[in-house]
Amino acid sequence: MVGQLVWSREKGRGRAQAAELGPLPALRWTVYAPEGLAPWRLARRLRRAERALAWAGAGRVILGPDFPWADRLALLRPVDPLPMLRACGDVLALGALAAEGVPPNRGRVALSAPRLCPELTGAAERLCPLVRGLLIDVPGGEDYARYLQAKFGLPVSPPSAGADVTAAFGPVGSRWGRSVELYEGGSMGGLSLAAEGIELPPDCADQVLALLWERGEVGRGELRVSVETPRLSDKTR
């Protein structure tokens with residue numbers, strides 16, 4: 001059982017309701033927090049919501065859009081999409097190439113991080129058989145770049161050569177082309193992950209997909225990358 005917490009500025013009394021989040025059955029609770037609600041009342045409502053979902057068997061919780069109290073939850077563990085996104089850095093890099101109209105065998109991908117990490121090395125080794133070249137933008141990463149070149153025979157480009165897209169595993173480092181920022185607070189560069197044949201709820205798609213990934217119900221081969229379509233402003237002429 002998975003829980004879902006949403007919130008509303010309207011007045012109301014929270015109660016559990018059955019919901020469907022794409023392929024996941026869920027138990028949804030709305031926390032009502034109208035303007036001027038006393039902090040102690042809000043705390044009591046959050047505790048009541050958590051207890052109700054936990055007693056119903058929900059160990060994990062999916063949060064509604066902009067749910068502002070994730071750091072105050074004590075009984076339920078929110079679903080975090082970031083580990084899945086970092087583990088899929090190669091999938092997102094290939095999606096970024098596709099979004100730029102660059103075939104993988106003609107594209108160069110930059111992988112950037114403040115230090116070598118398992119997510120970066122995993123992405124690098126999965127990309128090596130597929131792309132034209134890699135650029136490893138990591139302090140002291142020259143030895144790893146030489147290892148990749150020796151193992152895969154793939155040219156590892158110096159920073160001066162540039163790249164078509166970047167998958168960044170930290171906020172430091174250079175960027176080339178469309179960039180996916182795979183760290184807390186990072187931007188996805190207009191890309192999002194989806195799964196073949198699975199309809200995801202738009203307001204929490206990344207969390208639902210992350211939970212399916214954690215459970216092993218979605219694998220790397222089923223993932224696809226979507227490009228978000230920019231919305232035209234009402235002021236656009």
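Since we're looking at a predicted model, the values are computed, not measured.
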Just so I know, are the side chains of Arg146 and Gln149 near enough to count as touching, which here means a heavy-atom distance under 4.5 Å? no
Over 12 foreign heavy atoms within 6.0 Å of CZ, Arg220: yes
Nearest heavy-atom approach of Leu135 to Pro159 is CD1-CA, 3.7 Å
For Asn105, is the CG atom crowded, meaning more than 12 foreign heavy atoms sit under 6.0 Å from it? yes
Side-chain heavy atoms nearer than 4.5 Å, only ILVMFWY residues, links allowed to pass through others: does that put Val102 and Val225 together? yes
Short question: side chain of Tyr32, backbone of Arg45 - any donor-acceptor pair under 3.5 Å? no
For Leu73, does its backbone N or O pair with a side-chain atom of Glu50 as donor and acceptor, under 3.5 Å? no
Where the side chain of Arg115 meets the backbone of Val138, is there a donor-acceptor pair that is under 3.5 Å apart? no
Should we count CD of Glu199 as having more than 12 external heavy atoms under 6.0 Å? no
Linked, directly or transitively: Leu212 and Val61 (ILVMFWY side chains, under 4.5 Å): no
Does the side chain of Thr30 come under 3.5 Å of the side chain of Arg28 through a donor N or O and an acceptor N or O? no
Taking Glu196 for the side chain and Arg224 for the main chain, is one N or O donor matched with an acceptor at less than 3.5 Å? no
Give a yes or no on whether Val208 and Leu76 share a hydrophobic cluster (residues Ile, Leu, Val, Met, Phe, Trp, Tyr; joining criterion: side-chain heavy atoms under 4.5 Å apart). no
I'd like to know if Leu148 and Leu94 are part of one continuous hydrophobic network [Ile/Leu/Val/Met/Phe/Trp/Tyr, side-chain heavy atoms within less than 4.5 Å]. yes
Tell me the closest heavy-atom pair linking Val109 and Ala93, and the distance in Å. CG1-CB, 3.8 Å
Is there a continuous path of hydrophobic side-chain contacts, each under 4.5 Å between heavy atoms, that joins Val79 to Leu223? yes
Could you go through Leu182 and Met188, starting from their C-alpha distance and side-chain angles, then the distance that decides it, and tell me whether this counts as side-chain contact (heavy atoms from CB on, under 4.5 Å)? CA-CA 7 Å; Leu182 305 174; Met188 292 289 289; 4.1 Å; yes
Can a donor-acceptor pair be found, under 3.5 Å and without considering hydrogens, that links the side chain of Ser8 to the backbone of Glu10? yes
Are the side chains of Pro78 and Phe67 in touch, meaning some heavy atoms are under 4.5 Å apart? no
Taking Asp164's backbone N and O only, do any of them form a donor-acceptor pair with Arg108's side chain (distance below 3.5 Å, no angle check)? no
Might you work through the side-chain contact (heavy atoms from CB on, under 4.5 Å) test for Leu134 and Cys128, ending with a clear yes or no? CA-CA 7 Å; Leu134 284 182; Cys128 275; 3.7 Å; yes
Side-chain (Glu119) to main-chain (Arg86) donor-acceptor, under 3.5 angstrom: no
When you measure from the side chain of Arg126 to the backbone N and O of Ala124, does any donor-acceptor pair fall under 3.5 Å? no
